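Here is the structure we will look at.
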Amino acid sequence: MSADGKLAGAERKQIRISSDEDITRVKNLRRKYNAILVGVGTVIADDPHLTVKNATYDENPIRIVLDTNGRTPDSARVLDDKAPTVVITCEECTKDWPGVESVRCGKGHIDLPRAMEILAEEYGIENVIVEGGGEVIASFFREKLVDKYTVFVGGLVIGGRTAPTPADGEGWVAEGGVRLNLTNSEVLGNGILLTFIPSY
Ligand SMILES: NC(=O)c1ccc[n+]([C@@H]2O[C@H](COP(=O)([O-])OP(=O)(O)OC[C@H]3O[C@@H](n4cnc5c(N)ncnc54)[C@H](OP(=O)(O)O)[C@@H]3O)[C@@H](O)[C@H]2O)c1
């Protein structure tokens with residue numbers, strides 16, 4: 001996030017916040033995880049690939065999209081053949097994407113705890129990086145599914161009261177918020193990486 005706590009501009013357009021050192025960190029981090037997860041809001045706003053540079057199909061983490069009603073465009077980069085992709089929708093959704101696995105989970109909305117169980121049981125996924133956006137990160141906090149929260153604070157002020165932040169959504173993620181214990185801080189170029197462990 002930027003130094004004023006934003007993930008992007010008010011019009012939700014992607015803007016570079018990371019230093020070169022932080023970009024290298026994120027690339028290396030992705031290699032260590034079984035899966036990378038984003039919400040459909042990020043797919044529509046940023047159209048990310050969510051792959052590791054020079055990695056083969058099997059070396060890449062599994063890409064996971066939370067998309068209740070199947071709004072992911074057929075042309076989205078996250079659906080390409082560079083890595084496996086799983087799109088999670090609600091049970092009523094009938095949308096399918098060629099060559100992509102769909103998981104239907106929850107009535108009218110995605111049952112996030114159950115979705116994590118299915119990813120473990122059916123896909124062998126033991127750890128997931130949730131890369132955003134703010135709506136999805138807030139849901140993971142609300143469901144007490146965050147084990148570790150790392151945020152790079154970059155040297156940039158964005159502004160805009162409607163610009164997305166790392167935990168958006170409707171109201172509190174928990175009554176009074178979720179307390180975090182700071183376990184590490186590291187300067188990475190023109191910014192700082194903060195690591196917190198939630199105390200639910
Ligand atoms: N700086 C960064 O590192 C970074 C990283 C990622 C994103 N971003 C920015 O963040 C913005 C996108 O964030 P966003 O908050 O709009 O979108 P998001 O969190 O990526 O996606 C939110 C959408 O996901 C769907 N969803 C399905 N299940 C959900 C659940 N359990 N909890 C929450 N959402 C669920 C909902 O749409 P449906 O109801 O249609 O399913 C919801 O509107 C963009 O501006 C992007 O550039 C920045």
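Along the sequence shown, residues carry numbers from 1. Note that ligands are numbered from 1 as they come in the structure, with each ligand's atoms numbered from 1 the same way. What you see is a predicted model; the values in this text were computed from it and never measured.
Inclusion of D168 in the set of residues having an N or O under 3.5 Å from an N or O of ligand 1 is not warranted. Considering backbone and side-chain N/O atoms, N69 never comes within less than 3.5 Å of an N/O atom of ligand 1. By the 3.5 Å distance cut-off applied to N or O atoms, L7 is counted among the residues near ligand 1. At under 3.5 Å, a nitrogen or oxygen of G41, whether backbone or side chain, sits near a nitrogen or oxygen of ligand 1. At under 3.5 Å, not a single nitrogen or oxygen of K13, backbone or side chain, sits near a nitrogen or oxygen of ligand 1. The N/O atoms of T68, backbone and side chain alike, include one that comes under 3.5 Å of an N/O atom in ligand 1. For a threshold of 3.5 Å applied to N or O pairs, the pair formed by A8 and ligand 1 contains no separation below that value. Any N or O atom pair closer than 3.5 Å counts here, and G133 shares at least one such pair with ligand 1. Residue-to-ligand polar distances place G134 within reach of ligand 1: an N/O pair is separated by less than 3.5 Å.
Using modelled atom types, one side-chain atom of R63 and one backbone atom of D80 make a donor-acceptor pair closer than 3.5 Å. Judged purely by atom type and a 3.5 angstrom limit, D67 has no side-chain atom pairing as donor or acceptor with the backbone of V40.
Taking atom 30 (C) of ligand 1 as the reference point, the nearest protein heavy-atom neighbour is S139 OG, 3.5 Å. Looking only at heavy atoms of the protein, atom 36 (C) of ligand 1 is closest to V40 CG1, 4.3 Å. With hydrogens left out, the protein atom closest to atom 22 (C) of ligand 1 is E135 CB, 3.5 Å, a heavy atom. In this structure, atom 35 (C) of ligand 1 lies nearest to the protein heavy atom V136 CG2, 4.1 Å. Of all protein heavy atoms, the one closest to atom 7 (C) of ligand 1 is T42 OG1, 3.2 Å.
Side-chain contact, T56 with D58: no donor N or O sits under 3.5 Å from an acceptor N or O.
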Open item on the list: Could you walk me through whether T183 and F196 satisfy the side-chain contact (heavy atoms from CB on, under 4.5 Å) test, starting with their C-alpha distance in whole Å, then the side-chain angles of each, then the deciding distance to 0.1 Å, before giving a yes or no?
Closed with: CA-CA 5 Å; T183 57; F196 296 96; 6.0 Å; no

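Across every non-hydrogen atom of L180 and P198, the tightest pair is CD2-CA, 3.7 Å. Of all the heavy atoms in V43 and A76, the pair that sits closest is CG1-CB, 3.9 Å. R142 and D168 make their closest contact through NH2-O, 4.4 Å (heavy atoms, listed as atom of the first residue, atom of the second, distance). Residues P48 and T42 approach most closely at CD-O, 3.7 Å, considering heavy atoms. Heavy-atom minimum distance, A163 versus A8: CB-O, 3.4 Å. Nearest heavy atoms, S2 versus L156: CB-O, 3.1 Å.
With salt bridges taken as basic N to acidic carboxylate O contacts below 4.0 Å, none links E143 and R114. Electrostatic pairing of R30 and E131 counts as a salt bridge here, judged by a charged N lying under 4.0 Å from a carboxylate O. One finds a salt bridge joining D74 and K95 here, because a Lys/Arg side-chain nitrogen approaches an Asp/Glu carboxylate oxygen to under 4.0 Å. Salt bridge annotation for D20-R25: absent, with no cationic side-chain nitrogen under 4.0 angstrom from a carboxylate oxygen. Ion pairing between a basic and an acidic side chain is recognised when a charged N comes within 4.0 Å of a carboxylate O; R104 and D96 show such pairing.
For atom 29 (C) of ligand 1, the nearest non-hydrogen atom from the set V130, L66, T89 comes from L66.
Listed by atom number, the atoms of ligand 1 under 4.0 Å from I110 heavy atoms are 27 (C), 28 (N). Those atoms of ligand 1 that come under 4.0 Å of a heavy atom in P164, given as number and element, are 11 (C), 45 (O). Taking every heavy atom of E131 and a limit of under 4.0 angstrom, the matching atoms of ligand 1 come to 5 (C), 6 (C). Under a 4.0 Å criterion applied to the non-hydrogen atoms of R12, ligand 1 contributes the atoms 14 (P), 15 (O), 16 (O), 44 (C), 45 (O), 47 (O). Every atom of ligand 1 with a heavy atom of G132 under 4.0 Å away is listed here by number and element: 6 (C), 20 (O). Every atom of ligand 1 is numbered from 1 in the order shown, and the set under 4.0 Å from a heavy atom of D67 is 41 (O). Counting the atoms of ligand 1 from 1 in the order shown, those under 4.0 Å from a heavy atom of G39 are 18 (P), 20 (O), 21 (O), 24 (O). Using a 4.0 Å cut-off to heavy atoms of A45, the atoms of ligand 1 that qualify are 44 (C).
Contact analysis puts D46 in contact with ligand 1, with a non-hydrogen atom separation below 4.0 angstrom.
By the criterion of a heavy-atom distance under 4.0 Å, the side chain of R71, and not its backbone, is placed next to ligand 1.
Put simply, the residue from V65, V100, T85 that forms a side chain to side chain contact (heavy atoms under 4.5 Å, CB included) with T72 is V65.
Shown here, atom 39 (O) of ligand 1 is in close reach of the protein: a heavy atom of it lies under 4.0 Å off. Atom 42 (C) of ligand 1 lies below 4.0 Å from none of the non-hydrogen atoms of the protein.
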